[in-house]
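Scroll down for the structure; my scribbles are underneath it.
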Amino acid sequence: MTDRGSSLARILIPGGCGYIGAVLAPHLLADGHIVTVFDSMLFGDGGLPKENGHMFTIKGDVRDQDAVEKACEGQDAVIYLAGITNNDICGKPEAVGINTTAFPLVIAAAKRSGVARFILASSVAAYGSSKDDATENRRLEPTTKYAQQKHFCETWCGLMKSKDFCVTITRSASVCGVSSRMRFDTTVNKMVHDAMKTGVITVNGGEQKRSHISIQDICRAYKQLMAIPAEVIAGETFNYVAENLTVKELAMMVSEVTGAKCLFKERTDDRSYS
């Protein structure tokens, strides 16, 4: 792959068997890229396409430096999706090792191996709670363990970027939509699941805001980043958000589509992302 962007590339996706990776890999394959997924497969293989001349899978752990070094060899780009996303688990030693300790080793291995592009999947949660719309220039003030760990990785991206190593950060909204490796703990997905399963959408509070984007849109965004010349996106950070809605507004939308009832309870979460 050249820095002009649109050439066929060899792309490594740590965490590629997860919710987003299971959709992203086929998108990249459709563009003609050669995709290697590196994943512990703790939750299965994500229903990824079978290995062929363009699709490869490696069962490995991002904490295993030797395995990461080997996986990075010969790659043109890394789209880093690996991580534990459940905030209740993020404080556990295993999650800390995956979400923070491993990251400096991975990005350093990618740079040493001659990888030209490194894209980190971060989160709008890194901004912390806010009453107004956060732009990419806003100071990060994360409040949850998950968000703090994303902030840590972003800091390392800033330290590692160089003229020959294009580092780009994406701060994604909460992703929703269908994947072969389905998640039902994101806001929209959980509401739809509960609506169809029980006929009731339970909302704690409702005035707090959440940012959302469809899984198809975020995957198209990553495809676009691979097609843009490296010098245009080097060192840049992009918010990827389709819409900001209060939790109540979202619940009412899901209710209208599914016919489920909304049950409003006392607010238990003060976070509000916009």
Side-chain angles (χ1 to χ4, degrees), residues 1 3 5 9 11-16 20-21 24 38 62-63 65 68-69 71-72 75-85 87 90-91 95-130 132-175 211 213 218 221-222 224-241 273-274:
M1 175 183 155
D3 281 349
I11 305 173
L12 177 69
I13 311 179
I20 295 174
L24 176 60
F38 182 92
V62 291
R63 294 169 293 180
Q65 187 172 7
V68 170
E69 292 269 5
C72 286
Q75 302 294 337
D76 299 307
V78 172
I79 301 178
Y80 194 82
L81 302 180
I84 303 296
T85 60
N87 194 61
C90 283
V96 172
I98 293 170
N99 289 1
T100 59
T101 310
F103 186 75
L105 305 177
V106 174
I107 194 169
K111 188 173 184 177
R112 280 195 302 271
S113 298
V115 169
R117 299 179 186 227
F118 191 100
I119 300 172
L120 169 67
S122 187
S123 168
V124 296
Y127 290 113
S129 187
S130 62
D132 55 341
D133 292 348
T135 68
E136 288 87 347
N137 294 324
R138 185 189 183 99
R139 179 182 176 183
L140 300 184
E141 298 179 312
T143 57
T144 65
K145 290 184 176 64
Y146 170 70
Q148 290 162 358
Q149 290 163 355
K150 286 298 185 185
H151 186 195
F152 173 88
C153 294
E154 287 199 26
T155 300
W156 270 94
C157 284
L159 295 172
M160 296 297 294
K161 66 182 181 181
S162 66
K163 181 179 178 181
D164 299 322
F165 189 52
C166 170
V167 178
T168 307
I169 296 169
T170 64
R171 293 186 187 134
S172 170
S174 177
V175 181
S211 303
I213 189 169
I218 194 66
Y222 286 123
Q224 185 182 50
L225 287 177
M226 288 303 305
I228 294 173
E231 62 268 20
V232 176
I233 60 172
E236 295 291 341
T237 299
F238 301 102
N239 285 343
Y240 283 120
V241 180
Y273 301 137
S274 181

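- Between Val96 and Gln149 there is a side-chain heavy-atom pair separated by less than 4.5 Å.
- For Ala102, the side-chain contact (heavy atoms from CB on, under 4.5 Å) criterion is met by Val62, Arg63, not counting sequence neighbours.
- Of all heavy-atom pairs spanning Ala234 and Cys166, the tightest one is CA-SG, 3.6 Å.
- One distance of note links SG of Cys157 with CD1 of Ile107; it measures 4.0 Å at 0.5 Å rounding.
- Within a 6.0 Å sphere centred on NZ of Lys145, heavy atoms belonging to other residues, nucleotides or ligands number 12 at most.
- Taken to the nearest 0.5 Å, the CG atom of Leu120 stands 5.5 Å off from the NZ atom of Lys150.
- Contact of the Asn99 side chain with the Cys90 side chain is registered, since non-hydrogen atoms from C-beta on lie closer than 4.5 Å.
- Annotation: side chain of Val68 is not in contact with side chain of Leu105 (no heavy-atom distance under 4.5 Å).
- The minimum heavy-atom distance linking Val115 with Phe165 is given by the pair O-CD1, 3.2 Å.
- Evaluated for a ring-ring contact (aromatic ring centres under 6.0 Å, His included) with Phe103, the options Trp156, Phe152, Phe118 yield exactly one hit, Phe118.
- Proximity of Ile119 to Met226: side-chain heavy atoms (C-beta onward) are separated by under 4.5 Å at one or more points.
- For the atom pair OG1 of Thr100 and NE2 of His151, the computed distance is 13.5 Å after rounding to the nearest 0.5 Å.
- Between the CG atom in Leu140 and the OG1 atom in Thr155 there is a gap of 7.5 Å [rounded to 0.5 Å].
- To the nearest 0.5 Å, atoms OG (Ser130) and OH (Tyr273) are separated by 9.0 Å.
- Side-chain contact check for Asn239 versus Tyr127: some heavy-atom pair is nearer than 4.5 Å.
- Residues Ile213 and Val241 have side chains not in contact (no heavy-atom distance under 4.5 Å, counting atoms from C-beta outward).
- The two atoms that bring Glu136 and Arg171 nearest to each other are O-NH1, 3.4 Å, heavy atoms only.
- The main-chain N or O of Met160 is found under 3.5 Å from a side-chain atom of Lys111 such that the two form a donor-acceptor pair.
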Side-chain donor-acceptor contacts of residues 78-85 below 3.5 Å, not counting sequence neighbours, with atom names and distances?
residue : atom : partner : partner atom : Å
Thr85   : OG1  : Arg183  : NH1          : 3.4
Thr85   : OG1  : Arg183  : NH2          : 3.2

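- Residues Thr144 and Pro142 form no side-chain contact, since every pair of their non-hydrogen atoms from C-beta on lies 4.5 Å or further apart.
- For Phe238, the side-chain contact (heavy atoms from CB on, under 4.5 Å) test picks out Thr168, Leu225, Ile233, Glu236, Tyr240, with sequence neighbours left out.
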